[in-house]
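Take a look at the structure below.
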Amino acid sequence: MSAPTGSDPRVEQAPVTDEALLDSHDKLLGRQPDDKAHYRLLPLNLLFLFSGLIFFAGTYLGRYAGHFHPSVFNEHGQPPKAGAAVAVAVDPLVLGKNVYGQVCAACHQPNGQGLPPAFPPLAGSEWVAGSEERLIRILLHGLQGPIKVKGTEFNGAMPPVGPGSGFNLNPEKVAAVLTFVRKEWGGIATPVAAAKVAEIRAKDGTRPPLTVADLEKIP
Amino acid sequence: MTNQSTNAGAAEVTAIDTHARWPLLYLIGAGLVWLIVSGVLSLIAAIQLHSPAYLAECAWFTHGRVEAMRETAFIYGWAANAGLAIGTWLLGRLGGYPLRGLNWFVVGGVFWNLAVAAGLIGIAAGEMTSFAVLQLPRAVQPLLVLSYAATAISGVLAWSGRKRAGTFASQWYAVAALFLFPWFLTATQVVLLWTPVRGVVQAVAAAWYAEGVFALWLAPLALAGAYYVVPKVSGRTLPSYEAAPVAFWTLIVVGTWTAGRHLVGGPVPAWLPTMGVVGTSLLLFHFLVLAFNFKIALTPAGTAMNFLRFGLLAYLLYGVFTTIASFRGVAAHAQFTFVTVALEQLGFYGAVSMLFFGTLYYMVPRLTGRDWALPGLASAHFVTASTGLVLALVALAVAGETQGNLLLEAKATYAEIFQQVSVPLMIHTAAQFLLIAANLLLLVNFAMSAWACGEKACASAAGLLRSSSSMEASAS
């Protein structure tokens with residue numbers, strides 16, 4: 001069975017055969033008859049130690065797992081109470097500023113000064129300080145063709161940004177951005193109501209972009 | 001004891017070994033070549049840490065890609081090949097019959113290595129995935145699964161068709177590794193590559209996979225070797241072996257729950273990192289039982305035992321240190337520093353690779369049927385490799401400690417921090433040189449041994465041919 005090939009002392013010798021290895025260890029697991037009664041239980045100290053580790057693990061988990069809540073990110077945190085999230089109101093000025101930065105600022109510029117000849121300014125514009133209903137409709141339907149702002153003629157095309165448009169802002173966001181723009185550059189503190197935006201949207205449906213002539217028909 | 005005579009002889013060689021000689025030697029050889037490739041890549045990566053301009057103009061060897069290639073060559077090239085060879089050999093020996101399905105084994109091995117080679121080229125070209133430990137490009141991932149399945153057939157057949165009902169710890173670990181790896185590899189491929197989950201769940205899945213590669217695949221294969229060679233060489237039964245099944249199941253059940261420790265401070269629910277802490281703490285039981293089982297590994301002499309002792313000690317230290325580093329207070333300092341790298345190296349290189357080396361030093365003479373061709377190189381390998389590894393780990397740990405403290409100071413810039421730790425990083429580079437040199441010693445020794453064995457096999461085959469033709473001549 002074997003082929004001894006020299007006797008280098010550095011090659012590891014194997015004093016036990018595979019059979020003997022399996023036998024002796026099987027015996028320890030209690031799978032083989034053991035005539036000499038060498039059975040041993042799992043050492044008690046190991047058992048205690050394992051129990052201790054499990055106890056620690058359980059305690060630690062109970063204390064620092066954030067009640068296994070998916071929205072608790074801090075090990076000391078508490079899960080939010082039911083309904084607590086509803087009470088948090090979003091400041092329309094903060095939301096409006098956000099939306100303005102993402103949607104409007106590219107043309108009207110972050111400072112609201114616009115970019116002639118296509119993009120009229122919002123800062124100090126008589127339109128911004130004027131009718132709320134006109135502004136809502138500009139955002140919902142867009143605006144096309146020449147328009148005079150602060151005595152200068154501008155000619156561009158503003159796309160609609162409301163629900164169903166490319167930007168798909170919901171009524172709340174449309175109201176928020178208008179609130180922000182009117183407060184910042186029109187000096188009007190009264191917020192635009194999201195309900196009013198939704199109402200106008202429901203009444204008008206979708207239509208092609210407005211012109212100045214259309215705007216002037218709106219009160 | 002049927003083969004008392006071999007006790008005095010060199011290597012006990014059975015028909016099981018000679019039958020599977022070339023397939024197993026092929027996998028080991030391929031693994032060793034990948035080990036050198038990975039060593040060279042990690043040398044390049046180490047140099048770039050203190051001299052960022054090195055190879056910076058060559059896109060294929062920028063730091064991110066070199067690091068990804070190093071890791072991939074090490075895990076899927078070296079560790080996978082060597083681990084599969086060791087696991088299959090152990091299952092064959094302990095199963096009691098010569099290995100079956102070896103043609104599948106060879107075909108799988110060839111395609112696995114082709115997949116890894118293609119994958120490395122893909123990574124160099126910038127096609128890697130964005131997940132650590134799973135960086136092989138998407139295109140080679142299916143081939144990885146198929147070739148693995150083919151390679152694993154021999155081991156599984158040896159397990160299911162074993163001679164005795166009773167089983168030994170080596171068999172549990174080897175079989176678990178064979179079956180668990182394809183499970184979590186395919187599961188991870190599905191949720192990360194084919195139908196990717198969204199957002200933060202990706203990070204959780206990637207951490208789970210990376211932990212699985214160590215705890216459910218490579219560590220079990222390495223432990224299988226240790227559980228076999230230590231009692232064989234020492235000639236004694238393992239103390240406290242009754243607890244070994246509990247240690248095994250602790251690793252299998254708890255092993256991947258430790259993944260949460262990589263996510264401390266990340267945008268994940270708090271229970272995931274907490275579970276990581278709990279997992280590593282529970283895993284201490286596994287390490288403790290191993291320490292009891294391998295008490296007898298302290299005394300026997302020889303290269304194999306030297307490597308196994310080093311590997312087992314590194315494995316125990318890995319268990320202790322990961323537990324400490326998993327706690328949030330420590331993680332705040334250690335995370336994203338070289339301390340994490342040092343810990344990973346301690347696990348993958350210090351524990352897994354050194355245990356593989358030890359098992360190979362025992363296994364290869366039995367496969368070739370002769371002693372190592374150059375026994376002097378074996379002990380030189382141990383001295384060089386252990387020196388290089390200790391040097392690398394200490395240097396990384398020191399660098400990481402400094403780095404961790406500086407990162408928490410808002411005033412220190414990133415470039416300043418790297419200047420502060422440049423000395424330990426240069427020592428780390430020197431250590432990488434040592435490791436390449438060490439592994440070249442093993443590769444040369446292995447090649448010479450396999451060559452000598454091949455020559456003998458050719459000679460005997462020629463002799464067989466001659467005798468059979470003369471028989472034919474006499475018959476006619």
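In what follows, chains carry the letters A, B, and so on, assigned in the order in which the sequence lines appear, proteins first and then strands, with residues in each chain numbered from 1.
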Subject >> Interchain contact, F56(A) with chain B, by part (heavy-atom threshold 4.5 Å) >> reply: side chain
Subject >> Any donor-acceptor N/O pair, N168(A) side chain to G164(A) backbone, under 3.5 Å >> reply: yes
Subject >> Rounded distance (nearest 0.5 Å) linking atom NE2 of H108(A) with atom OG of S125(A) >> reply: 9.5 Å
**OP:** With a 4.5 angstrom heavy-atom cut-off, could you sort out which part of P273(B) is near chain A: side chain, backbone, both or neither?
**Re:** neither
**OP:** Please flag which part of S170(B) lies under 4.5 Å from any non-hydrogen atom of chain A: side chain, backbone, both or neither.
**Re:** neither
**OP:** Nearest 0.5 Å please: distance from the CG atom of L122(A) over to the CZ atom of F180(A).
**Re:** 9.5 Å
**OP:** Salt-bridge test for E184(A) and K97(A): reply yes if a basic N is under 4.0 Å from a carboxylate O, no otherwise.
**Re:** no
**OP:** Mind ranking V278(B), V289(B), L284(B) by heavy-atom pairs under 4.5 Å with chain A and telling me who comes out on top?
**Re:** V278(B)
Original post:
Which region of L288(B), side chain (C-beta onward) or backbone (N, CA, C, O), has a non-hydrogen atom less than 4.5 Å from a non-hydrogen atom of chain A, or is it both or neither?
Top reply: side chain
Original post:
Checking heavy atoms, do the side chain of H76(A), its backbone, both or neither come under 4.5 Å from chain B?
Top reply: neither
**OP:** Report the option among N74(A), I54(A), L49(A), L21(A) that has the most heavy-atom pairs separated by less than 4.5 Å from atoms of chain B.
**Re:** L21(A)
Original post:
Using the ring of each side chain (for Trp, its six-membered ring), is Y361(B) parallel, tilted or perpendicular to F307(B), with breaks at 30° and 60°?
Top reply: parallel
Original post:
Is the F168(B) to H25(A) ring centre distance short of 6.0 Å?
Top reply: yes
